[in-house]
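Have a look at the structure below before the remarks.
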Amino acid sequence: NTFYLISNYEQSYEKLSNEESNSLIKKSFSHLRNTRKFYKSLDIEFFTQFETNEFLDISDRRLVGSGLRIPLFNDKFFSNHMGIGLMYEVENYFNDSYNTNLYKSTNYINNKVILDKLVLTNIAYLQFDIQAANNFRLLLDNSIQFSLSKNIFITSNLNYRYSNKANSEDLKNYIKISSGLSIVF
């Protein structure tokens with residue numbers, strides 16, 4: 001039985017060339033997951049998530065779901081598993097025109113490579129509306145972590161998001177690159 005919580009808060013400033021002052025953009029994200037051994041090499045997962053993202057115009061995103069996690073390969077240097085699940089998602093936007101309440105299929109594949117002090121991780125998610133499969137979202141999360149100590153890492157991340165039913169043509173896809181310090185406890 002494994003629990004984990006990921007929580008992130010970002011605040012950034014942006015100034016467009018035609019504006020006199022900076023605009024403030026806030027983003028928060030929390031994800032809680034419980035994974036339990038279900039049958040031999042099959043795990044069951046329960047998860048919930050809360051998010052706000054001013055860049056994507058999301059005032060409130062909440063979801064709850066469950067699924068199966070299938071280990072494909074695992075040793076001390078490499079792990080690979082996939083997940084198949086169902087979630088209920090509520091997304092509210094600042095402009096109210098794209099608010100949704102949907103049951104979605106959520107699927108992922110996760111790879112992790114551990115090389116001494118270096119950890120490479122990539123996760124690919126495919127989520128789609130179970131009543132309209134042409135309403136889908138693709139998310140790619142890639143990270144490189146360099147260990148400074150048992151619990152402190154220098155990190156670099158590359159994230160890609162594609163949503164074919166985005167609330168704006170400008171936000172159908174985007175790439176985010178970030179780096180920083182990570183403390184795991």
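- Heavy-atom minimum distance, S66 versus E45: OG-O, 2.8 Å.
- Taken from CG in N122 to CG in L158, the straight-line distance is 10.5 Å, to the nearest 0.5 Å.
- Looking at every heavy atom in both residues, S179 comes nearest to S156 through CB-OG, 4.0 Å.
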Original post:
Would L56 and Y174 satisfy side chain to side chain contact (heavy atoms under 4.5 Å, CB included), going step by step from the backbone distance to the final call?
Top reply: CA-CA 10 Å; L56 295 175; Y174 76 89; 3.6 Å; yes
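- In terms of heavy-atom proximity, N1 sits nearest to R36 at OD1-CG, 3.0 Å.
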**OP:** Take L68 and D43 through the side chain to side chain contact (heavy atoms under 4.5 Å, CB included) test and state the conclusion after the steps.
**Re:** CA-CA 6 Å; L68 298 175; D43 298 338; over 6 Å; no
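- L72 and F38 fall within the same hydrophobic cluster, defined by Ile, Leu, Val, Met, Phe, Trp and Tyr side-chain heavy atoms under 4.5 Å apart, directly or through other members.
- To the nearest 0.5 Å, atom CG of residue N8 and atom CZ of residue F29 are 8.0 Å apart.
- By the criterion of side-chain heavy atoms lying less than 4.5 angstrom apart, applied directly or through intervening Ile, Leu, Val, Met, Phe, Trp or Tyr residues, V64 is not grouped with F50; the two fall into different hydrophobic clusters.
- Hydrophobic clustering, with ILVMFWY side chains joined whenever heavy atoms are under 4.5 angstrom apart, groups L118 together with V113.
- The cluster map of Ile, Leu, Val, Met, Phe, Trp and Tyr, joined by side-chain heavy atoms under 4.5 Å apart, puts L63 and I44 in different clusters.
- Ring geometry for F47 against H31 counts as parallel: the plane angle stays under 30°, on a 0 to 90° scale with 60° as the upper cut.
- Shortest non-hydrogen contact noted between L42 and I70 is CD1-CG1, 3.5 Å.
- Using modelled atom types, no side-chain atom of S79 and backbone atom of F73 make a donor-acceptor pair closer than 3.5 Å.
- No side-chain donor-acceptor contact under 3.5 Å links N80 to the backbone of K112.
- Looking at S28 and T52, their side chains do bring a donor and an acceptor atom within 3.5 Å of each other.
- A pairwise comparison of heavy atoms in L181 and T155 identifies N-OG1, 4.3 Å as the closest pair.
- Residue S7 holds its OG atom at 11.0 Å from CD of Q49, rounded to the nearest 0.5 Å.
- Heavy-atom contacts from other residues, nucleotides or ligands closer than 6.0 Å to CD of Q11 number more than 12.
- Side chain to side chain, N164 and N134 fail the donor-acceptor criterion of an N or O pair below 3.5 Å.
- In terms of modelled atom types and a separation under 3.5 Å, the side chain of T121 and the main chain of S143 share no donor-acceptor contact.
- Shown here are the side-chain hydrogen bond (donor to acceptor under 3.5 Å, both in side chains) partners of D141, two or more places apart in sequence or in another chain: N159.
- Across all their heavy atoms, L138 and Y125 have their closest contact at CD1-O, 3.2 Å.
- Taking N74 as the reference, nothing meets the side-chain hydrogen bond (donor to acceptor under 3.5 Å, both in side chains) condition, with sequence neighbours excluded.
- Exactly one residue among N142, N111, N110 makes a side-chain contact (heavy atoms from CB on, under 4.5 Å) with I123. That residue is N110.
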**OP:** Could you please spell out the steps behind the side chain to side chain contact (heavy atoms under 4.5 Å, CB included) verdict for F3 and L5?
**Re:** CA-CA 7 Å; F3 281 93; L5 171 69; over 6 Å; no
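- Around atom OH of Y88, more than 12 heavy atoms belonging to other residues, nucleotides or ligands sit under 6.0 Å away.
- Using modelled atom types, one side-chain atom of N99 and one backbone atom of Y93 make a donor-acceptor pair closer than 3.5 Å.
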**OP:** Give the intermediate values and the outcome of side chain to side chain contact (heavy atoms under 4.5 Å, CB included) for residues Q127 and Y108.
**Re:** CA-CA 9 Å; Q127 300 170 340; Y108 68 87; over 6 Å; no
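- Other residues, nucleotides and ligands contribute more than 12 heavy atoms inside 6.0 Å of the OH atom of Y4.
- Here the straight-line distance linking atom OH of Y160 with atom CG of L140 works out to 7.5 Å at 0.5 Å rounding.
- With E54 contributing its side chain and K26 its backbone, the two residues share a donor-acceptor pair below 3.5 Å.
- For the pair K104 and E91, the salt-bridge criterion is not met [side-chain N within less than 4.0 Å of a carboxylate O].
- Atom-to-atom distance recorded for E89:CD and R137:CZ is 5.0 Å, nearest 0.5 angstrom.
- Using a 4.5 Å cut-off between side-chain heavy atoms of Ile, Leu, Val, Met, Phe, Trp and Tyr, with links allowed through other members, V119 and F146 fall into different hydrophobic clusters.
- Of the possible polar contacts, none joining the N92 side chain to the S59 backbone as a donor-acceptor pair under 3.5 Å is found.
- Here CG of L148 is found 7.5 Å from NZ of K117. Values are rounded to the nearest 0.5 Å.
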